[in-house]
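This report refers to the structure that appears directly beneath it.
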Amino acid sequence: MTGLLDLPSAKSEAWRWSDPSAIAAAREIERPATCIDRPTMFVQVEGPKLVFIDGYYDDDWSEPEGFELVPIDSESGHPLARFANGQGYGLRFERDSAVTLQILHVTAGGEDQLPLRIVASDDSAVSIVETFVGAGWANRLTRLELGRSARIMRSVRLLQDEGFVSLRDEAEVGEGASLVSTFLAAGGAGTRIDGEIRLAGEGAYGEAGGALLARGRQRHDANFVVRHDRPSGTSRQVWRSVADDHAACSIAARVEVARGAQKTDGEQSLKGLLLSRAATINAKPELEIFADDVKCAHGATVGELDRDALFYMASRGVPDAEAKALLTRAFVADAIDRIGEEKVREAFHSNVEGWFGGRS
Amino acid sequence: MLRIENLHATVADKPILKGLSLAVNAGEVHAIMGPNGAGKSTLAYVLGGRPGYEVTEGSASFDGRDLLDMAPDERAAAGLFLGFQYPVEIPGVSNVQFLRTALNAQRRARGEAEISAGDFLRLTREQGDALGVSMDMMKRNVNVGFSGGEKKRNEMVQMGIIDPRLAVLDETDSGLDIDALRVVADGINRIMRRPDKAVLLITHYQRLLDLVVPDFVHVLAEGRIVRSGGPELAQLLEREGYGEIAA
């Protein structure tokens, strides 16, 4: 697991808030996969369950229920995703299919590289729940292709307790199709979430957002671009970040509207909450618009918990720590509530809860 | 029940309370009246323990315990309720969730068992009905989008659910029309007019005191109580204004 990596430099704009050296450190962590209590890692919903250990499909632990994986070869020029290039797995959802698929990614120390290709055929409706656990460096490249009127609701939990998780999404959303990706970083590892959603068909819908919770010296970093290539597309980017202690959360969200992508409706809402004076939140909303008939709104705020609300709650008997947790949960709920499936949404909320429970 | 002696308090280093003394016994309703800037709200916040309100001298005890030594949530668990002049909005937290958290935290602090979900909903419905606050409103976020009058009624629903021993109500009558005033006054009488409870009613106007008749009326001016009497003092103030009496 040693050997030098040619990691992106924090000197470049897209990586200035990142800490690539954490990746090198994460590769040195050793941890057996048997530490993972697998059944507790799935949301209690019906549907196929796939387990990958260190980037390899695990037959014993998976319950594919007839769902088939096909081998793929991937190539990405992305500075981190390129490490995951090579052999991976393809997941294909046939026309009109409707399913909730769960994927558990277990990283047993060292490095865990995996490219995935997810294809949702025309008119399919798919919910994909991905959970990252373990320790080490998990590095994913996910290609998503959505056919006409296909729908993917993708909910990703980064719960790895140590190390680093880096995700790279490259999505292409077809005519009238919809991709909603919600991420939750509520573990002990550092994270970098990178993504590019291309609204390639008319009337496509793309959404990327989530909640990043950091404490100690943890760093979470999200960098998403939604590109409107065709008219009448809609995009939403709702991110909430919470930083305690000396932690840092950074979000760069960008909307690009190509010439001719008229009637685009884009919205970004980036909000940060500082729980400590030594914590850092960075928020960078960006718009690049080459069409003239578009509606794009963006907002970025960073603040602290409302002192009046804290006193109001205390005056009703709610102890300080509980009041802070309640307000913080309310703060991130905007992002988690984008998840449509109730059981999945609840599971994510309880992971947020667990994050507060894990406070020292 | 509540004993305040020679209380001095500052806000942002500015002296507001300057030697206030007051004793409230169980079964009594005391009204505190006074002109703007007299220190009425400061008294309420000091009793509630709001950060930034610093006691520089004097004492306040509640059932013999040093009130000033307790954190705000401990005061609540001990039986103190502070009704806010401007109830705070809490986006993302529902009334029901907030109150259940509050009630259970108080119960835990007193070593009591938590209330069951069923009992809590019954209690909420009962108190809401009495104050014209629907279950629908109780499921909405705390005070968000509530009118001034709704916020004040919501304060009373909270008081009914929490069932405190001492209520300090800071201008609970402000912003209420005459019908809402009656509803709120009925709430105060119903919840707090008991031999083992007491109320400190802070108000600007006499009209609330026609509906919640106090046993004692005190005039607060420049940080001290300058005059005390029975309900007739409130009527005198209404007729003659604070000018003469508070001077």
Side-chain angles (χ1 to χ4, degrees), chain A residues 182 184 209-211 213 238-242 269-273 275 277 299 301-339 342 345-346 348-350 352-353 355-357 359, chain B residues 44-53 70-110 112 141-144 151 154-155 157-159 161-164 167-170:
Chain A
T182 307
L184 169 66
L213 314 177
V238 178
W239 290 94
R240 298 289 177 264
S241 48
V242 178
S269 162
L270 317 180
K271 291 188 186 173
L273 179 63
L275 296 182
R277 289 283 163 95
T301 59
V302 178
E304 294 177 292
L305 289 174
D306 180 354
R307 282 159 202 274
D308 290 340
L310 285 174
F311 175 63
Y312 190 59
M313 295 173 100
S315 79
R316 298 295 178 260
V318 183
D320 196 50
E322 213 172 330
K324 283 180 174 163
L326 204 57
L327 290 181
T328 309
R329 276 199 298 271
F331 174 80
V332 301
D334 286 351
I336 303 294
D337 286 344
R338 312 299 287 191
I339 299 172
E342 195 185 345
R345 191 172 59 237
E346 278 172 10
F348 275 57
H349 275 302
S350 71
V352 172
E353 205 84 18
W355 187 79
F356 283 104
R359 293 170 73 89
Chain B
Y45 285 144
V46 166
L47 293 176
R50 186 180 189 121
Y53 289 71
M70 297 157 84
D73 57 301
E74 294 170 341
R75 300 180 196 203
L80 175 74
F81 180 87
L82 181 60
F84 282 58
Q85 184 180 2
Y86 303 108
V88 180
E89 297 184 5
I90 312 180
V93 179
S94 76
N95 280 296
V96 175
Q97 187 187 12
F98 171 46
L99 279 168
R100 197 165 168 216
T101 306
L103 189 58
N104 281 331
Q106 290 201 18
R107 286 181 169 223
R108 276 200 309 276
R110 293 193 292 260
E112 299 165 12
N141 289 342
V142 180
N143 293 321
V144 177
K151 285 180 182 170
N154 194 24
E155 291 287 284
V157 174
Q158 294 183 18
M159 187 168 80
I161 289 171
I162 287 170
D163 196 23
V168 176
L169 305 177
D170 186 11

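Lettering follows sequence order; numbering is per chain, from 1. Nothing here was measured: the structure is a model prediction, and the numbers come from that model.
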- Message: What I'd like to find out is whether the side chain of B:Asp73 reaches to under 4.5 Å of the side chain of A:Asp320, using heavy atoms alone.
- Response: no

- Message: Tell me if the CZ atom of A:Arg307 is crowded by more than 12 foreign heavy atoms within 6.0 Å.
- Response: no

- Any idea which heavy atoms bring B:Val88 and A:Asp308 closest together, and the distance? CG2-O, 3.8 Å

- Note on the structure: Okay, B:Leu82 and chain A: the region with an atom under 4.5 Å from a heavy atom over there is both

- Item | Proximity breakdown for B:Pro87 and chain A, heavy-atom pairs closer than 4.5 Å | both

- Item | Side chain, backbone, both or neither of B:Arg75 within contact of chain A (heavy atoms, under 4.5 Å) | neither

- Message: If you compare all heavy atoms of A:Ala330 against all heavy atoms of B:Pro91, which two are closest, and at what distance to 0.1 Å?
- Response: CB-O, 3.7 Å

- Option that, when pairs with chain B are counted at under 4.5 Å, heavy atom only, ranks first among A:Val318, A:Asp306, A:Leu310: A:Val318

- Message: Which heavy atom of B:Ala102 sits nearest to which heavy atom of A:Arg316, and what is that distance?
- Response: CB-O, 3.2 Å

- Separation of B:Glu155 CD from A:Tyr312 OH (nearest 0.5 Å): 3.5 Å

- Query: When the aromatic ring centroids of B:Tyr53 and A:Phe311 are compared, is their separation below 6.0 Å?
  - Reply: no

- More than 12 foreign heavy atoms under 6.0 Å from NZ of A:Lys271: is that the case here? no

- Message: Report which part of B:Asn143 has an atom under 4.5 Å of a heavy atom belonging to chain A: side chain, backbone, both, or neither.
- Response: side chain

- Note on the structure: Residues A:Pro319 and B:Ala105: closest non-hydrogen pair is CD-CB, 3.6 Å

- Message: Out of B:Ala76, B:Gly52, B:Gly92, return the one with the most heavy atom pairs under 4.5 angstrom to chain A.
- Response: B:Ala76

- Task: Any chance you could measure A:Glu322, atom CD, to B:Arg108, atom CZ, to the nearest 0.5 Å?
- Result: 4.5 Å

- Answer with side chain, backbone, both or neither: which region of A:Ala309 has an atom nearer than 4.5 Å to a non-hydrogen atom of chain B? both

- Message: I need the full list of ring-ring contact (aromatic ring centres under 6.0 Å, His included) pairs touching residues 315-334 of chain A, with sequence neighbours left out, sorted by first then second residue.
- Response: none

